[in-house]
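Some notes on the structure that comes next.
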Amino acid sequence: MEVFEARAFGASVADGADVHLLVHHDMNKPLASRGAGSLVLEDSDDALTFEATLAPEMRSVGYVQDFLGTLASGLVGGISPGFRVPQGGDVVRRSGGGVMRSVRTATLIEISAVTKPAYPSAQIEARNWVPDLQPDGLGTGYQRTLSRWRA
């Protein structure tokens with residue numbers, strides 16, 4: 001069994017490194033990223049949470065349409081973090097016939113939407129907000145994108 005201590009990704013999130021939201025751990029299928037400004041991460045005492053905004057240009061991309069369809073149908077609903085544990089970042093204890101690994105600190109590389117998450121409580125949900133169609137005051141666009149996705 002494996003558990004993450006509170007704020008195990010805290011240093012990784014705070015350092016501002018680029019992290020991607022992917023489809024099934026496939027770096028060829030990005031949905032959002034910190035570097036692009038479309039992924040916001042927060043590591044709290046309760047959980048690692050994120051909010052991703054899918055760019056309007058991504059709507060016509062085949063794998064994005066496939067992902068959104070499988071998400072809407074309930075076939076994809078889990079989240080799986082891609083991470084590395086530095087030396088000394090975890091503790092492994094044997095208890096009875098089992099092993100318990102506690103991850104104290106880890107470097108977050110990516111987060112993936114998956115069919116079967118390794119951690120059952122790691123879930124994703126989609127939210128679609130109605131756009132605010134008022135000009136942003138600069139005459140350059142709208143205040144919100146048409147769709148925002150959050151987990």
Side-chain angles (χ1 to χ4, degrees), residues 1-131 143-151:
M1 182 171 198
E2 184 173 62
V3 297
F4 290 85
E5 292 185 8
R7 299 185 185 268
F9 295 110
S12 181
V13 169
D15 75 9
D18 198 11
V19 173
H20 286 78
L21 173 62
L22 306 174
V23 178
H24 295 290
H25 297 290
D26 188 341
M27 287 300 254
N28 294 312
K29 294 182 178 178
L31 297 169
S33 76
R34 287 177 88 178
S38 55
L39 181 64
V40 177
L41 300 168
E42 182 181 336
D43 195 17
S44 69
D45 287 340
D46 297 324
L48 172 68
T49 59
F50 68 90
E51 183 171 320
T53 302
L54 300 183
E57 299 82 7
M58 295 293 287
R59 289 193 197 129
S60 62
V61 176
Y63 73 84
V64 175
Q65 292 175 350
D66 293 345
F67 163 70
L68 294 174
T70 57
L71 180 64
S73 69
L75 295 173
V76 169
I79 291 294
S80 178
F83 61 94
R84 288 191 188 108
V85 178
Q87 188 170 0
D90 61 352
V91 175
V92 178
R93 294 183 184 97
R94 298 196 186 280
S95 176
V99 175
M100 169 67 88
R101 178 184 187 204
S102 294
V103 178
R104 301 158 105 180
T105 184
T107 302
L108 186 63
I109 299 163
E110 53 92 359
I111 302 169
S112 287
V114 296
T115 305
K116 286 262 195 196
Y119 313 100
S121 62
Q123 300 295 311
I124 187 171
E125 70 180 38
R127 294 194 179 158
N128 189 358
W129 283 275
V130 176
Q143 292 178 351
R144 291 197 182 263
T145 59
L146 293 176
S147 297
R148 290 176 49 185
W149 300 90
R150 136 189 210 151

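What you see is a predicted model, and the numbers here were worked out from it, not measured in a lab. Throughout, residue positions are numbered sequentially from 1 according to the sequence presented.
To the nearest 0.5 Å, atom CD1 of residue Ile109 and atom CG of residue Leu22 are 10.5 Å apart. Here Met58 contributes atom CE and Leu31 contributes atom CG; the two are 6.0 Å apart, rounded to the nearest 0.5 Å. For the atom pair Asp26 CG and Phe67 CZ, the distance stands at 13.0 Å (nearest 0.5 Å). Rounding to the nearest 0.5 Å places OG1 of Thr53 at 10.5 Å from CG of Leu21. A distance of 3.5 Å separates CD1 of Ile79 from CZ of Phe50, quoted to the nearest 0.5 Å.
Under the side-chain hydrogen bond (donor to acceptor under 3.5 Å, both in side chains) criterion, the residue pairs touching residues 106-117 are His25-Glu110, His25-Ser112, Glu110-Ser112, with sequence neighbours excluded. Contacts classified as salt bridge (Lys or Arg N to Asp or Glu O under 4.0 Å) and involving residues 73-102 (residues at least two apart or in different chains) are given here: Glu2-Arg101, Asp90-Arg101.
When every heavy atom of Glu5 is checked against every heavy atom of Ser102, the shortest pair comes out as OE2-CB, 4.1 Å. Taking each heavy atom of Val13 and Leu48 in turn, the nearest pair found is CG2-CD1, 3.9 Å. Nearest heavy atoms, Ala106 versus Val85: CB-CG2, 4.3 Å. Taking each heavy atom of Tyr63 and Pro30 in turn, the nearest pair found is OH-O, 2.6 Å.
Between Thr70 and Val23, every side-chain heavy-atom pair lies at or beyond the 4.5 Å cut-off. At a threshold of 4.5 Å between non-hydrogen side-chain atoms, the residues Arg59 and Leu68 do not count as touching. When side chains are defined from C-beta on, His20 does not count as touching Leu39, because their heavy atoms never get closer than 4.5 Å.
Under the 3.5 Å distance criterion, the side-chain polar atoms of Ser12 are matched with a main-chain donor or acceptor of Leu108.
Partners of Arg7 under the salt bridge (Lys or Arg N to Asp or Glu O under 4.0 Å) rule, at least two apart in sequence or in another chain, are Asp45.
In summary, the aromatic rings of Phe4 and Phe83 are positioned with their centroids under 6.0 Å apart.
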